[in-house]
**Q** 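Encoded as structure tokens, here's the structure I'll be asking about.
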Amino acid sequence: MSSSDLAILAIESSCDETAAAVLRPPGTILSSLIASQAEEHARFGGVVPEVASRNHLMAVDPLVRRALAAAGVTPCDLGAVAATSGPGLAPALLVGASYAKGFALALGIPYLALNHLEGHLLSPFLGTEEIPPHIALLVSGGHTQLTLVRGAGDYTVLGRTLDDAAGEAFDKAAKLLGLPNPGGIEIDHLAASGDPKAHKFPQAFTEHGNLDFSFSGLKTSVRYFVEKNPDLLKSEQGMADLCASIRAAIVGVLLLKTERAVEDSGLNRVALSGGVAANRALREGMTALCTAKGWELHLPSPGLATDNAAMMAFAAAHHLASDKTSSLSREISPQWQVGNESKT
Ligand code: KG4
Ligand code: ZN
């Protein structure tokens with residue numbers, strides 16, 4: 001067995017999930033485990049970096065041991081160890097990256113510093129060897145961007161959010177409606193029995209030629225609306241209509257801009273990734289759009305849309321296949337964006 005066939009261990013700790021996965025190249029996931037800290041952060045109303053860091057520290061070693069056992073491999077079977085190096089919360093990233101470096105150093109195998117966004121971008125293609133040219137809509141709690149993906153490692157960001165991410169917009173709107181975290185899922189659920197045309201919420205930058213996003217206006221508009229119409233929150237149908245209308249405003253602008261980006265690119269392939277890719281209306285809307293246009297659509301399987309280490313292990317396999325390993329002196333990059341790959 002050559003070293004490129006050996007299993008890869010990947011660790012993800014960019015926010016509030018500690019995750020570990022083992023992959024057999026090019027794309028067979030042997031194990032993928034997640035230790036969520038969501039409940040611990042819920043009482044603070046958001047992710048507290050120091051709390052995340054302490055929890056990652058406690059979770060990472062047992063989680064890695066369990067991931068290796070579940071995969072049926074020992075550390076000596078590993079060919080490389082990868083970790084998310086950015087973007088994310090510095091104290092959280094440091095834990096996973098330091099652990100992975102120590103592991104790689106002890107075993108004398110390569111270390112790979114990976115971009116979390118690249119993990120999301122590649123997630124719809126997990127298991128395939130080639131990443132075909134396409135337009136990617138990445139929508140998560142921390143990021144919202146349209147990217148031209150020419151192939152693995154070759155990315156140009158065409159537009160991104162200038163303020164809140166789409167998932168953040170869902171979560172903030174949900175909070176204003178008194179719904180529990182993570183609010184995106186709650187809104188999606190309640191919207192099922194609501195009328196998406198009941199209320200009109202603003203959509204920003206809908207003019208041609210602009211592929212950036214902005215969701216802060218929507219949040220403000222929901223706040224004023226709720227202050228003026230408090231009774232709607234007390235009625236089941238009122239809540240359903242509000243949720244459906246908020247979801248329609250967010251999803252509508254995501255679909256509009258994806259359509260424009262694909263048309264401008266001359267490509268006929270779309271991929272959707274990130275936690276918001278689990279949204280029913282977005283999945284259905286994107287499927288309908290792609291069917292109508294004759295475009296190929298790639299969606300991540302449900303467990304791969306939200307943060308996980310399997311997508312990072314898959315990104316690592318692509319890096320390893322082109323001998324792109326990282327120095328053990330490589331620092332974390334909390335602000336790292338895709339498209340400026342020089343930092344690897
Ligand atoms: O990718 P992810 O797990 O973490 C980040 O990297 O941010 O995304 C989490 C986000 C949260 O904002 C959550 O509310 C949103 O994804 N989300 C959803 C749905 N499921 C998760 N938003 C709308 N509808 C959903 N079904
Ligand atoms: Zn993410």
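Every number for a ligand or one of its atoms is a count from 1 in the order of the listing.
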**Q** Kindly say whether the aromatic ring centers of Tyr99 and His56 come within a distance under 6.0 Å.
**A** no

**Q** Identify the closest protein heavy atom to atom 22 (N) of ligand 1: which residue and atom is it, and at what distance?
**A** Gly184 CA, 3.5 Å

**Q** Where does Asp188 meet ligand 1, judged by heavy-atom distances below 4.0 Å: at the side chain, the backbone, both, or neither?
**A** side chain

**Q** For Gly275, take its heavy atoms, then give the atoms of ligand 1 lying under 4.0 Å from any of them.
**A** 1 (O), 2 (P), 8 (O), 16 (O), 17 (N), 18 (C), 19 (C), 20 (N), 21 (C)

**Q** Looking only at protein heavy atoms, identify the closest one to atom 24 (N) of ligand 1 and say how far it is in Å.
**A** Asn279 ND2, 2.9 Å

**Q** Which atoms from ligand 1 have a heavy atom of Gly167 less than 4.0 Å away?
**A** 12 (O)

**Q** Salt bridge between Asp171 and Lys175, side-chain N to carboxylate O under 4.0 Å?
**A** no

**Q** Could you tell me whether some N/O pair between Gly142 and ligand 1 is separated by less than 3.5 angstrom?
**A** yes

**Q** Between Lys219 and Glu168, is the closest basic N to carboxylate O distance under 4.0 Å?
**A** no

**Q** To which protein heavy atom is atom 15 (C) of ligand 1 closest, and what is the distance rounded to 0.1 Å?
**A** Val276 CG2, 3.9 Å

**Q** Which residue supplies the protein heavy atom nearest to atom 14 (O) of ligand 1, what is that atom called, and how far is it?
**A** Asp171 OD1, 2.6 Å

**Q** Where on His120 is there a heavy atom closer than 4.0 Å to ligand 1, on the side chain, on the backbone, on both, or on neither?
**A** side chain

**Q** Quick one: name the protein N/O/S atoms under 2.8 Å from the Zn ion (ligand 2), chain by chain.
**A** His116 NE2, His120 NE2, Asp307 OD1

**Q** Give the atom numbers and elements of ligand 1 that come within less than 4.0 Å of a heavy atom of Gly141.
**A** 5 (C), 7 (O), 8 (O), 9 (C), 10 (C), 12 (O)

**Q** Could you tell me whether His116 approaches ligand 1 through its side chain, its backbone, both or neither, with non-hydrogen atoms closer than 4.0 Å?
**A** side chain

